[in-house]
> 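Sending over a structure as structure tokens; questions will come in a sec.
Just so it is clear, the model here is predicted, and its values are computed rather than measured. Numbered from 1 within each chain, the chains take letters A, B, ... in sequence-line order.
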Number of protein chains: 2
Amino acid sequence: MPTRKLEKVVSLKEIKVACQACSLNEICLPVGMGETDLDRLDSIIDRKRPLARNDHLFRIGDPFQCLYAVRSGSLKTYATSEDGQEQVMGFHLPGELVGLDAIADGRHPLAAKALETTSLCEIPFADLEALSRQLPSLQHQLLRVMSQEIRADEQNMVTLGQKSAEERLASFLISLSSRFRRRGFSENQFNLSMSRSDIGNYLGLALETVSRLFTRFQNEGLLRVDRKHIELLDRARLCMFSSAKCSSSEEPRILRPNASS
Amino acid sequence: MPTRKLEKVVSLKEIKVACQACSLNEICLPVGMGETDLDRLDSIIDRKRPLARNDHLFRIGDPFQCLYAVRSGSLKTYATSEDGQEQVMGFHLPGELVGLDAIADGRHPLAAKALETTSLCEIPFADLEALSRQLPSLQHQLLRVMSQEIRADEQNMVTLGQKSAEERLASFLISLSSRFRRRGFSENQFNLSMSRSDIGNYLGLALETVSRLFTRFQNEGLLRVDRKHIELLDRARLCMFSSAKCSSSEEPRILRPNASS
DNA sequence: AAATCTTTTTGACCTGCGTCAAGGCAGGCA
DNA sequence: TGCCTGCCTTGACGCAGGTCAAAAAGATTT
């Protein structure tokens, strides 16, 4: 059955993909924008060369100039307490915006670091603000994205506030899986770009606990782990373990022509 | 001057203070707006009669039409899991906006319930969005407020993710104290409008733990508790306990002419 | 003022997970 | 090829804080 959707001509060789051609435009900032509006958004966006693993995109206290959208790869954001220990606040996949928490006072309250080779779109905030005044759909989408961020943080509070270690890791894996799926990747098989220590830190657990849980989940036939590679064998049961209403596979998903290896 | 009941005198309770005259306009949505802009914002805002204790402002899943600013009193927002147990996500004091997490998909993901008699400003979101397109300062402030919310949630993640019970409660009290101060109330003495159970739930602790900590803090001379009333005796030391850089009393504060009684 | 209900306090017990420690494994580099 | 370094796994142990239980202190109703 043919999709009623227009076929987009995507040049895979092109390094700097315009928003119009970007496979992420259905889940990124451009959601809900028309062709001509997209053009104008595209014109304020800058695409620099990719970050290498462990490069910082920005550090705590850096002046805020731009929002960033992840194009490929992944980032973690984290705070550091005065005694130098870090708290991982989030992991960011393609199509997600980073830096929204800096709007408040023009300084980044968190640092952002590449977990692997990562390319980004740089969006000067002043331009974005001005443009969104002219493009209602952009304005609306920006507010929506921020609202979603608030929601996601609320979810995290539930996870940290009242879930057991087991439930936390299960939730985390299900959430990652869904996010990969949404982006057109496999939902049952993926690579973790972050270390056990990052995961533990993010979930409020010791890395040893994370490690133990991975082996336990594997023994119970829920998944298979090999180093960074995760294969979910029983997503449904993992969902039960996470004690969350795992929105099943009904969500919109990006069509990704050559991702069905 | 004796108060007499005259036909033309509006009862105090029904006075609808315009944004221009509202003592909260320095910390609420109007921040940074000029007189005439304020007028226009004011014109879209509706002020209904107050909520009684335990009244719901909205429930989970309710369609999203309006944002609300607390004018007086306080609210809690909370989620409920399928098994019916609730997770308190936040407490909202005068000058704070509620409902920002509903913009994402037009439904409230949390319920909001009055902790005491609470009056609110109702702000139709569609109008706000339209108006903010015309008033850059309003647009900017809306984004700032949302960004602040994200930041606050990030703070909560740190609290839940890596603080001990003691540190959590200390952080909570310091944070409340600062927020009261900002609003022109005493920073060293205030009433908790929420129950121990709400506090515990919010902080990811059992209510028994909260209770024990209150008595412990009192025994250590940090504060005095009497039922709902809290008096901070040694804010500095409490700050140490919270292991957070407690921004001291240097922040802007609302002038409140007759609050010194 | 008695009766009932809710909230808070306090104690006793127990367990989930953090901490410490030691050893395994892979990848980078000489 | 072997060493080094960073990550991961596994075991042993202890404690912070959860759970259960009961009583005290308010609050609300009759």
Side-chain angles (χ1 to χ4, degrees), chain A residues 52-54 76 83 85-88 113-117 159-173 191-220 223-230 241-243, chain B residues 52-54 76 83 85-88 113 115-117 158-173 191-220 223-230 241-243:
Chain A
R53 184 173 137 88
N54 288 331
K76 72 169 176 186
D83 58 2
Q85 88 159 330
E86 80 181 35
Q87 161 76 29
V88 175
K113 193 188 211 179
L115 292 169
E116 58 195 311
T117 305
T159 299
L160 293 174
Q162 54 180 229
K163 289 190 182 179
S164 67
E166 177 178 280
E167 291 170 328
R168 290 184 205 188
L169 188 61
S171 302
F172 174 69
L173 291 173
N191 286 298
L192 300 172
S193 57
M194 68 294 286
S195 67
R196 302 285 191 268
S197 156
D198 283 338
I199 297 174
N201 187 311
Y202 175 66
L203 295 176
L205 301 172
L207 51 20
E208 293 94 331
T209 304
V210 174
S211 180
R212 274 185 255 269
L213 284 172
F214 269 128
T215 46
R216 200 163 103 209
F217 283 168
Q218 177 160 264
N219 292 338
E220 296 182 18
L223 46 76
R224 204 175 307 147
V225 205
D226 175 35
R227 195 83 182 144
K228 299 277 190 191
H229 188 80
I230 301 289
F241 273 74
S242 83
S243 76
Chain B
R53 184 173 137 89
N54 289 330
K76 72 170 175 184
D83 58 1
Q85 88 159 330
E86 80 181 37
Q87 161 75 30
V88 175
K113 192 188 211 178
L115 292 168
E116 59 196 308
T117 305
V158 175
T159 299
L160 293 175
Q162 55 180 226
K163 290 190 181 178
S164 68
E166 176 178 281
E167 291 169 327
R168 291 184 204 188
L169 187 61
S171 302
F172 174 71
L173 291 173
N191 286 299
L192 300 172
S193 56
M194 69 294 287
S195 67
R196 302 286 190 269
S197 157
D198 283 338
I199 297 174
N201 187 311
Y202 175 67
L203 295 175
L205 301 172
L207 62 327
E208 292 95 328
T209 304
V210 174
S211 180
R212 275 186 256 267
L213 284 171
F214 269 128
T215 48
R216 198 163 104 209
F217 283 168
Q218 178 161 264
N219 292 339
E220 295 182 18
L223 46 76
R224 204 175 306 147
V225 205
D226 175 35
R227 193 78 182 146
K228 300 278 189 190
H229 188 80
I230 302 288
F241 273 75
S242 84
S243 76

> Working to the nearest 0.5 angstrom, can you tell me the gap between B/Leu169 CG and B/Phe214 CZ?
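Between B/Leu169 CG and B/Phe214 CZ, I get 5.0 Å after rounding to 0.5 Å.
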> Salt bridge check: are A/Lys228 and A/Glu116 linked by an N-O gap of less than 4.0 Å?
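Answer for the salt bridge query: no.
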> So what does B/Leu205 hit on the nucleic acid, given a heavy-atom distance under 4.0 Å: a base, only sugar-phosphate, or nothing?
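Contact class for B/Leu205: sugar-phosphate only.
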> Classify the nucleic acid contact of A/Ala206 as base, sugar-phosphate or nothing, counting any heavy atom under 4.0 Å across all strands shown.
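The residue A/Ala206 makes base contact.
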> For A/Leu213 and C/dG16, what is the distance between atoms CG and C1' respectively, to the nearest whole Å?
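Distance, rounded to whole Å: 11 Å.
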> For the helix from C/dA1-D/dT30 to C/dA30-D/dT1, what is the angle between the axes at its two ends, each from 5 pairs, rounded to 10°?
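Axis-to-axis angle, ends of the helix: 40°.
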> Which pairs would a plain distance check flag for residues 205-213 of chain A, meaning a side-chain donor or acceptor within less than 3.5 Å of a matching protein atom at least two apart in sequence or in another chain?
none

> Does the side chain of A/Ser164 get closer than 4.0 angstrom to OP1 or OP2 of C/dG16 through an N or O atom?
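No, no such contact exists.
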> Taking only residues two or more places apart in sequence, or in another chain, which ones meet A/Arg227 in a salt bridge (Lys or Arg N to Asp or Glu O under 4.0 Å)?
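Once residues adjacent in sequence are excluded, A/Arg227 has no partner under the salt bridge (Lys or Arg N to Asp or Glu O under 4.0 Å) criterion.
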> Begin from the C-alpha positions of A/Arg168 and A/Leu160 and carry the test side-chain contact (heavy atoms from CB on, under 4.5 Å) through to its verdict.
CA-CA 7 Å; A/Arg168 290 184 205 188; A/Leu160 293 174; 4.0 Å; yes
> Quick one: NE2 on B/His229 to CG on B/Leu223, what's the gap to the nearest 0.5 Å?
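Here the rounded value is 11.0 Å.
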> How many Å lie between CZ on B/Arg53 and P on D/dA27, as a whole number?
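These atoms are roughly 11 Å apart.
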> Rounded to the nearest 0.5 Å, how far does CG of A/Asn191 lie from CG of A/Leu115?
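Reported value, rounded in 0.5 Å steps: 12.5 Å.
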> Got A/Glu86 and A/Asp198 here, is their nearest side-chain heavy-atom distance under 4.5 Å?
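A/Glu86 vs A/Asp198: side chains touch.
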> Please confirm whether the shortest side-chain N or O distance from A/Lys228 to OP1 or OP2 of D/dC8 is below 4.0 Å.
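For D/dC8, OP1 or OP2 has a side-chain N or O of A/Lys228 closer than 4.0 Å.
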> Carefully, step by step, assess A/Glu220 and A/Phe241 under the rule side-chain contact (heavy atoms from CB on, under 4.5 Å).
CA-CA 12 Å; A/Glu220 296 182 18; A/Phe241 273 74; 3.4 Å; yes
> List the protein contact pattern of nucleotides 20-26 of chain C with one symbol per nucleotide (5' to 3'): B for base contact, S for sugar-phosphate-only contact, - for none; contact means a heavy-atom distance under 4.0 Å.
B------
> Between atom CG of A/Leu192 and atom CD1 of A/Ile199, what is the distance when rounded to the nearest 0.5 Å?
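So the gap between those two atoms works out to 5.0 Å.
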> A/Asp226 CG to C/dG27 P: how many Å, rounded?
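Whole-Å distance recorded here is 10 Å.
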> Supply the atom-to-atom distance B/Lys163 NZ to B/Leu203 CG, rounded to the nearest 0.5 angstrom.
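Result: 10.0 Å between the selected atoms.
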> Return the value, rounded to whole Å, for the distance between atom CZ of B/Arg216 and atom P of C/dT9.
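The answer, rounded to whole Å, is 15 Å.
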> Where along residues 193-203 of chain B does a heavy atom fall under 4.0 Å from DNA chain D?
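Those residues: none at all.
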> Could you check how far CG of A/Leu207 sits from C1' of C/dG18, rounded to whole Å?
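Rounding to the nearest Å, CG of A/Leu207 and C1' of C/dG18 are 11 Å apart.
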> Kindly point out which of D/dG17, C/dC17, D/dT9 is positioned nearest to the side chain of A/Thr215?
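Shortest atom-to-atom distance from the side chain points to D/dT9.
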> Partners of A/Lys113 by side-chain hydrogen bond (donor to acceptor under 3.5 Å, both in side chains), sequence neighbours excluded?
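Applying side-chain hydrogen bond (donor to acceptor under 3.5 Å, both in side chains) to A/Lys113 gives none.
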> Can you tell me how far P of C/dG18 sits from CG of A/Leu160, to the nearest Å?
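Atom CG in A/Leu160 sits about 12 Å away from atom P in C/dG18.
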> When you measure from the side-chain N and O atoms of A/Ser211 to the phosphate of D/dC8, is any distance below 4.0 Å, counting only OP1 and OP2?
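No, no such contact exists.
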> Can you check the A/Leu192 CG to D/dC7 P distance for me, whole Å?
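The distance from CG of A/Leu192 to P of D/dC7 comes to 15 Å, rounded to the nearest Å.
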> Figure out the CG/C1' separation between A/Asn191 and D/dC7, and round it to whole Å.
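Answer to the nearest Å: 16 Å.
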